[in-house]
> 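Structure below; questions to follow.
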Number of protein chains: 2
Amino acid sequence: MTTKADTYLLENNVNPSYQRVKIMEYLLRKKNHPNIDMIFNNLKKEMPKLSKTTIYNTLKLFIKRNLVSPLTIEDNMLRYDADTKIHGHFKCINCGIITDINLDLKNMNRDELPGYTIFEHHVNFKGRCNKKSCNKKSFNKNKNGNTNWEKSA
Amino acid sequence: MTTKADTYLLENNVNPSYQRVKIMEYLLRKKNHPNIDMIFNNLKKEMPKLSKTTIYNTLKLFIKRNLVSPLTIEDNMLRYDADTKIHGHFKCINCGIITDINLDLKNMNRDELPGYTIFEHHVNFKGRCNKKSCNKKSFNKNKNGNTNWEKSA
DNA sequence: TTGTATATTTGCAACGATTACATTTTTTAT
DNA sequence: ATAAAAAATGTAATCGTTGCAAATATACAA
């Protein structure tokens with residue numbers, strides 16, 4: 001069976017092994033900017049022998065082939081985005097959902113960085129999204145009694 | 001002796017202990033977006049008993065008081081910036097120096113994120129700065145034979 | 001088909017940045 | 001001077017990620 005992800009990998013000189021196709025399918029289907037554990041926990045249901053190392057290796061390969069962009073909106077964890085067009089991200093500190101933002105920073109470069117060559121853009125925002133549940137007065141509290149937003153003591 | 005950093009901390013409700021003043025002085029003087037090790041290695045010369053945990057604790061406190069912003073321009077390591085005004089960063093992948101960039105993204109939010117509340121901006125670029133040594137043909141190679149810029153195999 | 005080289009996956013150990021925590025030291029107030 | 005509080009220290013633990021060698025799957029030549 002030849003899936004969309006399958007041909008996508010072939011077009012980009014990535015040997016479409018079973019695991020690679022499944023991981024790419026996950027990224028294309030969910031569009032949820034997942035971290036390694038999200039991918040692993042979801043796929044291991046149908047692939048019990050899946051290894052995290054395989055996911056790390058596969059994503060490193062995808063990044064090298066520019067099929068995936070790494071996303072460091074969270075301090076201690078990489079996330080991955082199968083959309084490699086230039087765009088920004090907004091993370092709601094209440095629901096955790098990451099939203100894509102259109103971006104055009106073409107003009108800024110000239111004035112600010114004369115003679116610089118820019119290879120990567122990373123634009124991330126954090127705040128509260130417009131869902132009612134993310135803007136009500138009683139914010140979620142974590143184990144330290146702080147809201148998700150506030151820095152812990 | 002009352003230094004500039006000393007009063008700065010007092011003004012922001014941070015008890016200006018010896019270590020805290022020294023760390024803040026380092027940030028204000030160097031403006032080099034350091035990571036923990038850069039601060040530690042520099043300060044331990046005059047403070048042999050300094051502990052890394054103290055630096056982590058102190059920076060966490062500074063961040064909580066909005067005296068310092070964490071910077072995740074590198075994947076696996078936090079850097080710290082004593083300039084908390086909104087601005088962007090450019091990291092040269094050859095010389096590693098991080099340059100501040102003026103930013104004005106005020107307009108973008110309205111259209112893209114209706115009803116969203118933005119608390120943090122993070123805008124990072126990577127590329128080559130305009131120093132001659134960072135643009136010559138023979139780029140530095142790392143142990144894998146890749147340039148600093150290219151992703152490793 | 002069989003054998004063999006190559007590519008890929010797996011599991012586990014190791015690494016490095018960060019955090020937890022208990023102890024020690026310093027500061028503050030009485 | 002003493003007791004209480006705050007801060008700093010050192011070590012162990014945690015967690016995301018990487019290294020590596022063994023196991024498995026794939027491709028290809030004879």
Side-chain angles (χ1 to χ4, degrees), chain A residues 2 5-6 9-10 12-24 26 33-41 43-44 46-65 68 70-80 142-144 146 151-153, chain B residues 1-2 5-6 9-10 12-24 26 33-41 43-44 46-65 67-68 70-80 142-144 146 151-153:
Chain A
T2 302
D6 193 287
L9 293 182
L10 278 171
N12 287 277
N13 298 311
V14 174
N15 193 340
S17 73
Y18 181 69
Q19 287 83 348
R20 288 171 180 173
V21 170
K22 287 294 183 188
I23 292 168
M24 180 53 79
Y26 177 90
H33 313 87
N35 59 33
I36 293 288
D37 276 7
M38 293 165 75
I39 303 172
F40 179 72
N41 290 326
L43 291 184
K44 78 176 175 194
E46 49 175 329
M47 305 163 69
K49 297 207 61 189
L50 180 64
S51 160
K52 269 190 192 177
T53 306
T54 298
I55 303 178
Y56 278 106
N57 291 341
T58 302
L59 289 169
K60 194 164 290 188
L61 175 64
F62 288 173
I63 290 169
K64 199 180 169 191
R65 293 284 199 277
V68 161
L71 179 60
T72 58
I73 201 167
E74 212 68 67
D75 291 343
N76 276 327
M77 198 184 313
L78 279 173
R79 290 170 174 270
Y80 300 90
N142 64 21
K143 65 188 161 91
N144 299 315
N146 300 302
K151 306 291 193 310
S152 297
Chain B
M1 174 198 57
T2 302
D6 194 285
L9 293 181
L10 277 170
N12 287 277
N13 297 312
V14 175
N15 194 340
S17 72
Y18 181 69
Q19 287 83 348
R20 288 171 179 172
V21 170
K22 286 295 182 186
I23 292 169
M24 180 54 80
Y26 176 89
H33 314 87
N35 59 34
I36 294 286
D37 275 8
M38 292 165 73
I39 302 172
F40 179 72
N41 290 325
L43 291 184
K44 79 175 173 194
E46 48 174 331
M47 306 164 70
K49 297 206 63 188
L50 180 64
S51 159
K52 270 191 191 176
T53 306
T54 298
I55 303 178
Y56 277 105
N57 291 340
T58 301
L59 289 169
K60 194 163 290 186
L61 176 63
F62 288 173
I63 290 169
K64 199 180 171 192
R65 293 286 197 278
L67 304 179
V68 162
L71 179 60
T72 57
I73 202 168
E74 213 69 67
D75 292 342
N76 275 326
M77 198 186 310
L78 279 173
R79 290 170 174 272
Y80 301 89
N142 65 21
K143 65 187 161 91
N144 299 315
N146 301 302
K151 306 290 197 307
S152 297

> What's A:K49 touching, base or sugar-phosphate or nothing? Going by heavy atoms closer than 4.0 Å.
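If one applies the 4.0 Å heavy-atom cut-off, A:K49 turns out to touch the sugar-phosphate alone, with no base involved.
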> From the list D:dT17, D:dT9, C:dT8, which nucleotide is the closest neighbour of the side chain of A:N15?
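Of all the options, the side chain of A:N15 is nearest to C:dT8.
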> When we call it a touch if two heavy atoms are under 4.0 Å apart, what does B:N57 touch: a base, just sugar-phosphate, or nothing?
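Base: the residue B:N57, judged by heavy atoms under 4.0 Å, touches a nucleobase.
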> Counting side-chain heavy atoms from C-beta on, which of D:dA6, C:dA7, D:dG10 comes nearest to B:S51?
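Looking only at heavy atoms from C-beta outward on B:S51, the closest nucleotide is D:dG10.
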> Could you check B:N76 against B:M47 and say which one's nearest nucleotide on DNA chain D is further toward the 5' end?
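On the 5' side of the pair lies B:M47.
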> Please work out if B:T53 contacts a base, only the sugar-phosphate, or nothing of the nucleic acid, heavy-atom cut-off 4.0 Å.
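Answer is base: heavy atoms of B:T53 come under 4.0 Å of a base.
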> For C:dT18, does OP1 or OP2 lie under 4.0 Å from any side-chain N or O of B:Y56?
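Result: yes.
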> Could you tell me whether a side-chain N or O of A:R79 sits under 3.5 Å from a main-chain N or O of A:H33, the two making a donor and an acceptor?
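Checking the backbone N and O of A:H33 against the side chain of A:R79, a donor-acceptor pair under 3.5 Å is found.
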> Could you give the NZ-to-P distance, from A:K64 to C:dT8, as a whole number of Å?
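Value for this atom pair: 11 Å.
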> It should be established whether B:S17 places a side-chain nitrogen or oxygen under 4.0 Å from OP1 or OP2 of nucleotide D:dA8.
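True: B:S17 side-chain N/O within range (under 4.0 Å) of D:dA8 OP1/OP2.
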> Between B:N35 and B:D37, is there a donor-acceptor pair closer than 3.5 Å when you use the side chain of the first and the backbone of the second?
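Judged by distance alone, yes, a pair lies under 3.5 Å.
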> Could you check which of C:dT9, D:dT9, D:dA6 has an atom nearest any side-chain atom of A:T58?
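Output: C:dT9.
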> Hey, does the side chain of B:R20 come within less than 4.0 Å of D:dA6's phosphate (OP1/OP2), counting only N and O?
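So the side-chain polar atoms of B:R20 never come under 4.0 Å of the phosphate oxygens OP1 or OP2 of D:dA6.
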> Choosing from C:dA7, C:dT18, D:dG16, which nucleotide comes nearest the side chain of B:L78?
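Given the options C:dA7, C:dT18, D:dG16, the side chain of B:L78 is closest to C:dT18.
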> Would you please confirm or rule out a distance under 4.0 Å between OP1 or OP2 of C:dT19 and any side-chain N or O of B:K60?
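Answer yes for this pair, as a side-chain N or O of B:K60 is under 4.0 Å from OP1 or OP2.
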> CE of A:M77 versus P of D:dC15: gap in Å, rounded?
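Rounded to whole Å, this separation is 11 Å.
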> Does B:Q19 put a side-chain nitrogen or oxygen below 4.0 Å from OP1 or OP2 of C:dT26?
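Checking B:Q19 against C:dT26: no side-chain N or O falls below 4.0 Å of OP1 or OP2.
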> Any base atoms under 4.0 Å from A:T54, or only sugar-phosphate, or nothing? Heavy atoms, all strands.
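Base, at least one base atom sits under 4.0 Å.
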> Please confirm whether the shortest side-chain N or O distance from A:N35 to OP1 or OP2 of D:dG16 is below 4.0 Å.
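No, outside the criterion.
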